[in-house]
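Because only heavy atoms are used, hydrogens play no part in the values below, and waters and symmetry mates are left out as well, while side chains stay in. Counting starts at 1 for both ligands and their atoms, in listed order. All of these numbers come straight from a predicted model, not from anything done at the bench.
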Amino acid sequence: MAEPLQTNPLSSTPPAPASTGFVEKTPLERYVPPAKPSLVGLSRAQLTEALAAIGVPAAQRKMRAQQIWHWLYVRGARRFDEMTSVSKELRALLEQHFTLARPEVVAEQISVDGTRKWLLRLPGEQSSEVSGERPHEVECVYIPDTDRGTLCVSSQVGCTLTCSFCHTGTQRLVRNLTPGEIVGQIMVARDRLGDWLGAARASGDGLPTQGERLVSNIVMMGMGEPLYNFEAVRDALLIAADGEGIAISKRRITLSTSGVVPNISRAGAEIGCMLAVSLHAVRDELRNELVPLNRKYPIAQLLDACRSYPGVSNARRITFEYVMLKGVNDSLADAKALVKLLAGIPAKINLIPFNPWPGTRYECSDWERIEKFSEIIFNAGYASPVRTPRGRDILAACGQLKSATEKLSARERLALRAMAMTD
Ligand code: SAH
Ligand code: SF4
């Protein structure tokens, strides 16, 4: 007698194949049980709701959420059974319904200067499970210094904007990261560095020797435009800044934007972190070319938004990033115009030597020119640090982050999808 057709959607055993010919699977047979969700990246309110959903009595929820928050974000627990202050029964219940998963680390590179880069694999979009599209990847970079360790975090896979000097902007696949995937980058970095309370610290060249924390600062300067993924970035940064968890002060968190004007004031009001603006040109005509978003939000509008950024003051200056492109935006007249343009705004100017990537039409300005440019800015009263490129040997420097996931063209993806449908 033939085996009965297996229809239990929760069974991990696939239905028995039909013996002859092609029989399309029913939706029930195609059902794949959803993966357990991770608690990483839930807000406190969401965590409390999650506890309610699994039957934790109302009177206990707040306290339990508080305990789990501590284990997650102060101690970096990766398994529920590490949470010794939580009852055994609750740990078992949590285990049944949730995970503490972070993004999967698929590669780690360590530069001669101590910079570390992690390639993280994220699940693809839901439809990609069907189409066979690869999961998406993002990069996260750790830049150590003697007295600090800065983590450069991504907000999107790729970027919808197409700044002409930026490698990420040439990537085809784009999707927003979830708050869990953004916080997950901080978790992964702290896991790899042993930067949790009670953990064994990583050792190696270039790691900070002063200060309690290996990850002391966060910059949203990885892949993507953070203000085009506003809610997720906000929720993630509020978790990072939470004083009873990761506890990185908002003054040590910097969000860099190419100039999404309507969301700049929102960032000030709803996140309250430091702001960096990718200016790169002093004239609209040139900025339109370098940062095409300028056509929508030109320089004057952008600077107005900066002037009224909540909390901006001499103690909380806005950083203006300026990439040094040979023969394009690096004349001494440009430097003078830059100083004039920013007059009245509490500002720092960060000159970034252009990091070339294969196929780019730009070159980095000569060192001598960068020095002269910086001198004009300095003499006008601005700090003008030139950002030393870090991790060049592992392609970790600004604007070089571009995952290998782009590979499939739209046509290839459609073809794969069509194949999956007849599967
Ligand atoms: N999308 C955001 C944040 C990520 S990029 C933004 O554009 O601000 C972080 C910084 O690196 C930005 O100032 C960006 O303009 C700069 N950048 C991009 N490509 C670069 C490259 N090839 N060389 C140097 N800086 C680059
Ligand atoms: Fe996107 Fe920023 Fe690169 Fe422009 S510079 S393409 S906004 S990541």
At less than 4.0 angstrom from any non-hydrogen atom of [X], what atoms of ligand 1 do you find?
X: W357; value: 22 (N)
X: E321; value: 10 (C), 12 (C), 13 (O)
X: H280; value: 13 (O), 14 (C), 15 (O)

Sub-3.5 Å N/O-N/O distance, [X] and ligand 1:
X: G224; result: yes
X: H167; result: no
X: C166; result: no

> What do you think, any protein heavy atom under 4.0 angstrom from atom 1 (Fe) of ligand 2?
Replying inline: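 Flag for atom 1 (Fe) of ligand 2 set to true, protein heavy atom closer than 4.0 Å.
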> Should the ring pair H280 and F165 be called parallel, tilted or perpendicular, given that the plane angle runs from 0 to 90° and is split at 30 and 60?
Replying inline: perpendicular
> Would one find an N, O or S atom of C163, in either backbone or side chain, under 2.8 Å from atom 4 (Fe) of ligand 2?
Replying inline: yes
> When you measure from atom 3 (C) of ligand 1 to each heavy atom in S256, S278, C364, which option holds the nearest one?
Replying inline: S256
> Measuring from R307:CZ to I264:CD1, what's the distance to the nearest 0.5 Å?
Replying inline: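 Output value for this atom pair is 12.0 Å.
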> Which value, rounded to the nearest 0.5 Å, describes the distance between N217 atom CG and L151 atom CG?
Replying inline: 10.0 Å
> Between the side chain of Q185 and the main-chain N/O of S154, is any donor-acceptor distance below 3.5 Å?
Replying inline: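 It does hold such a pair.
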